[in-house]
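Below: the structure, in structure tokens.
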Amino acid sequence: MKTQVSFREEDYDRFVRLLDEPSQETVVIAFAGRHQSPDRLGVLITGGEAVPSDAYLDRGPGTFRLRPAFVAERLLEAASLGRTVVLIHSHPGWDYPPDFSPIDEDLHARLVPSALRQIEGPFVSLVRSPGGWNGRIWKSPGDERVIERFRIVGRRLQVQEVPARAQPAEATYDRQLRAFGPAMQRTLASLRVAIVGLGGTGSLTAQWLAHVGVRDFVLVDPDVIEASNLSRLVGGRPDDVASGMRKVDIAQRTIRSVAPEAQVASYALDVLACDAARAVSSADIILNCTDSHASRALVNRIAYQYLVPLIDMATLLRAEDGAVSGAYADVRLAGPTRSCLRCQGVIDADRVREEMAPPAERAGLIRAGYLSGVSVPEPSVLPLNALAVSLALLRLFDTVEPWLEWPGRVTFEARRLQVIEQDRASQSNCEICTGDQVLGWGDDRSLPCRDG
Amino acid sequence: MTTGLLPRIAEELQDIVSDCAEAGAAEIAQEGGQTMIIVPVQAEGWSPPVVPVLFRVPLLYPDERPDLIYLDAGAHGPSGAIPRAMGAVTFLGRPWTQVSWHMTGSYDATRPNLQLFVRSTALYFRSPNP
């Protein structure tokens, strides 16, 4: 079980400014959402304030004591909001990651049992110095663990691991290192990437991510390969069609052929199944490779609720009687600090409704003439899919180490060689990407998924 | 602690309850992860004159457009039938008639669409219909 703390970039930057004050210890109290998946335990911090000076009983370069009434009020407030509490303090002047002091340990011994009586765990304590972070998480007073990962999510996605990950093999990534440097390569190796949909774009995404150095995957797709997939599903073989192999298993085989040591968690489920949705929520970044609007709506929600950048990709090939009139590869970026896919206009409520209708209801609506009932496979070709995946992976690189000057949505029209740029702002009343109804709530809000 | 509906949706349901207060008490219910609201609707010429109408809150609402209504199985219109009936279904242990009744027009997920759907349905039933 990996332990982690996720910050929004704006909070993180503000906390660092407050905590790196050199003359005395500073305390910040943050409220956070909880996040537990089969192999991750953590909190998602959105907001938090420096403790006001009159709430300190004592404060100096090596110590702090807070008024018990102030701490009790904050715990009560967090409990009433259904959130947990993160206590963050500084050790000024250390140019290496700090340890908790004996005074801190004494505070933990007194505070943690009392806090966990008032709030549902976990409780988190972090210490910051200019040299880095250290942290502990308690699910119960006797269950104390060291924080192993710090994620900062915003314009840039940063992952700091404790202890720091060794540099991946230099020879393998020599050309990439020359372009982006070792920090990006280390981050790629530490990322968990969820790929939703392992068809035309998803299979390529899995293969290319393994090549560029990603080593931890969550794969989600309910389908098995069919003969018509062989022209586009990278890694697919005729004998897979004969044996009815699942697309997630083909992607896993492809990844392992490039990176035998990669961790791959496969879910042969629709992402709307709660088990799959929860697995996706444990990712550091999501690549959405389905053309389902219902899946897109759910993944969009996960991105904000769990502070996960989301790269959504699609292709559209307009063709009639063998004549192609338009070929589009479309990539849009969403997630904390960005407008969501709804605000970008790529979730169609009617398509969601149609996709979500149970079979019997759907049949009734077709009989009533409300739905067409005609589902024609869309034209699709590998080179156009590859174009979308290229744009998406460039976007992923940029998320880790900013270098692109792209707007939120980029559409490449291959026939006329045109690039369409769009950057739609969030709608002011969107509950997904504005306000505090979704952002960073983690497990404290249920996901709109299907159990069982 | 896990809370079910987003506050925005919970507030919208409470607004629907308030809208309907004149006709009777609306009921918000859950069954198998599906949230529903049963609204008493004054129905001109119908039997009974106040018809319980069930609206489902779509799982992916508001990104999923609300659709279909369910009338209490005992209700019938002035003609003795239920127009556009699609079949019988059971929710909350009660029989309902599924009706092909749809929200029309452009859709903006940031608006209170379910409330607008309930209001337009109530308005339809308030005037004489077959």
Side-chain angles (χ1 to χ4, degrees), chain A residues 34 79 81-84 119-120 272 274 293-298 300-301 305 340-343 345 347-358 360-361 363-365 367-371 426-432 434-438 441-452, chain B residues 1-13 15 30-36 54-70 82-91 96-117:
Chain A
R34 303 164 178 87
L81 294 169
R83 314 212 81 180
T84 191
I119 53 164
E120 204 178 305
L272 288 158
C274 290
H293 285 245
S295 301
R296 196 172 283 148
L298 175 60
N300 188 51
R301 169 84 174 263
Q305 191 163 323
C340 71
L341 295 181
R342 178 201 291 171
C343 292
I347 298 174
D348 180 330
D350 289 315
R351 286 280 302 274
V352 178
R353 189 270 177 275
E354 192 168 338
E355 290 165 10
M356 293 296 285
E361 185 176 301
L365 290 169
R367 276 198 304 276
Y370 183 66
L371 297 180
S426 296
Q427 292 179 264
S428 60
N429 51 352
C430 175
E431 80 282 2
I432 301 287
T434 64
D436 59 1
Q437 296 203 9
V438 171
W441 276 84
D443 300 338
D444 297 328
R445 292 255 191 266
S446 52
L447 283 173
C449 55
R450 294 170 173 150
D451 268 316
Chain B
M1 185 180 76
T2 297
T3 51
L5 297 172
L6 291 181
R8 177 210 148 158
I9 300 170
E11 284 163 21
E12 192 178 334
L13 292 176
D15 289 344
Q30 285 226 325
E31 184 177 65
Q34 164 83 67
T35 303
M36 295 164 253
L54 183 148
F55 295 82
R56 288 184 304 171
V57 182
L59 183 66
L60 291 171
Y61 181 73
D63 288 314
E64 180 180 353
R65 186 194 282 260
D67 195 26
L68 302 177
I69 58 173
Y70 301 84
I82 295 181
R84 303 165 79 175
M86 293 172 70
V89 292
T90 301
F91 287 124
W96 301 84
T97 303
Q98 188 180 48
V99 177
S100 179
W101 182 256
H102 313 289
M103 195 183 174
T104 54
S106 63
Y107 188 87
D108 174 353
T110 63
R111 295 167 67 209
N113 295 290
L114 190 65
Q115 188 184 16
L116 296 171
F117 189 37

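Convention: sequence-line order gives letters A, B, ...; per-chain numbering from 1.
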So, the part of A:Gln427 with a heavy atom under 4.5 Å from chain B: the answer is side chain
Write down the atom of B:Thr110, the atom of A:Cys430, and the distance for their closest heavy-atom approach.
-> CG2-CA, 4.0 Å
Side chain / backbone / both / neither for A:Glu361 at chain B, heavy atoms under 4.5 Å = both
When heavy-atom pairs shorter than 4.5 Å are enumerated against chain B, which of A:Arg351, A:Glu431, A:Arg450, A:Arg342 gives the highest number?
-> A:Arg342
Side chains of B:Ile9 and A:Gln437: does their closest heavy-atom pair fall under 4.5 Å?
-> no
CG-CD1 distance between B:Leu60 and A:Ile347, expressed to the nearest 0.5 angstrom | 9.0 Å
State the CD-NE2 distance between B:Glu64 and A:His293, to the nearest 0.5 angstrom.
-> 13.0 Å
Quick one: does B:Leu59's side chain get under 4.5 Å of A:Leu298's, heavy atoms only?
-> no
Looking at B:Gly32, B:Ser100, B:Pro62, which one has more heavy-atom pairs under 4.5 Å with chain A than the rest?
-> B:Pro62
Pick one of side chain, backbone, both or neither for B:Pro7, based on which atoms fall under 4.5 Å of a heavy atom in chain A.
-> both
Residues forming a disulfide (SG to SG under 2.5 Å) with A:Cys449, sequence neighbours excluded | A:Cys274
Out of curiosity, A:Glu354 CD to B:Asp67 CG, how far, rounded to the nearest 0.5 Å?
-> 10.5 Å
From the list B:Arg8, B:Met86, B:Gln98, the residue making the most non-hydrogen contacts under 4.5 Å with chain A is B:Arg8
